[in-house]
Amino acid sequence: MRIDTSFLFDLDGTLVDSVYQHVSAWKEALDAEGIELSVWRIHRKIGMSGGLFTNQLLRETGLEISESRIERLRQLHAEAYKRHVASVRPLPGARELLAALTENGIAWAIATSGRMETAAPNLAALGVDPAQVPVVTRDLVKYAKPDPDLFLAAAARLKVPIENSVVVGDSIWDMLAAVRCRALGIGLLSGGYGAAELQAAGAYRVFDDPADLLAHLDEVGGRR
């Protein structure tokens with residue numbers, strides 16, 4: 001008997017080098033709303049859903065939380081991100097990692113807390129066609145990370161048991177979601193979180209970036 005492992009990937013900071021572009025975009029959105037918040041506090045929230053992200057930010061500032069303000073911040077962020085997206089590149093080894101999984105007949109999908117409006121250019125930079133590869137975005141689920149909905153939906157798209165899947169992400173929000181849906185979590189340092197933080201959130205292995213994961217793929221179920 002053999003258990004085939006499937007891989008469910010986060011996008012920003014995991015496959016594409018876009019975390020700091022998102023941080024800058026959120027900073028611009030907050031500034032436009034007259035909300036002062038340190039950049040480091042913004043970075044600590046990257047990876048969770050945009051709605052939860054803005055709720056937490058507004059709670060920290062003590063300002064009024066309204067649906068109209070949350071939606072306005074979301075739109076401002078999306079517009080600002082478009083101005084930064086030209087500098088987004090695949091992380092080292094990302095394309096090669098996905099190609100190796102495909103060549104070995106190992107199922108994989110992408111599950112991102114971003115909406116398709118911000119995910120689309122990142123997918124294009126990565127060379128991933130959502131028409132050919134299962135991609136689950138925030139638009140398609142009720143709740144995003146740290147809730148497990150995105151990864152559960154991605155596993156369902158692949159028609160694989162979530163318990164036989166590995167969640168690969170760069171943030172504690174990815175690892176917390178993995179724990180909640182009973183998948184194994186692999187943390188990458190390429191999004192700015194430290195190894196100890198990722199492990200405390202549930203990562204059972206931590207690698208530098210996709211290239212480092214590719215070099216150790218056989219250790220985490222990536223072989224047929």
Establish, from distance only, whether the side-chain atoms of [X] and [Y] form a donor-acceptor pair under 3.5 Å.
X: Asp12; Y: Asn122; value: yes
X: Glu71; Y: Gln75; value: yes
X: Glu36; Y: Thr61; value: no

Hey, what do you get for CG (Asp31) to CD1 (Ile35), rounding to the nearest 0.5 Å?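 If we round to the nearest 0.5 Å, Asp31:CG and Ile35:CD1 are 9.5 Å apart.
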Counting only N and O atoms by type, is there a donor-acceptor contact under 3.5 Å from the side chain of [X] to the main-chain atoms of [Y]?
X: Thr14; Y: Leu11; answer: no
X: Asn104; Y: Ala100; answer: yes
X: Tyr204; Y: Gln199; answer: no
X: Asp139; Y: Met116; answer: yes
X: Ser190; Y: Gly13; answer: yes

Among the clusters formed by ILVMFWY side chains lying less than 4.5 Å apart, do Val128 and Val168 turn up in the same one?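 Val128 clusters together with Val168.
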Assess the pair Tyr20 and His43: is the distance between their ring centroids shorter than 6.0 Å?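 Here the rings of His43 and Tyr20 have centres that are less than 6.0 Å from each other.
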So, Arg44 and Glu197, do they make that salt bridge, N to O below 4.0 Å?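 Salt bridge present between Arg44 and Glu197.
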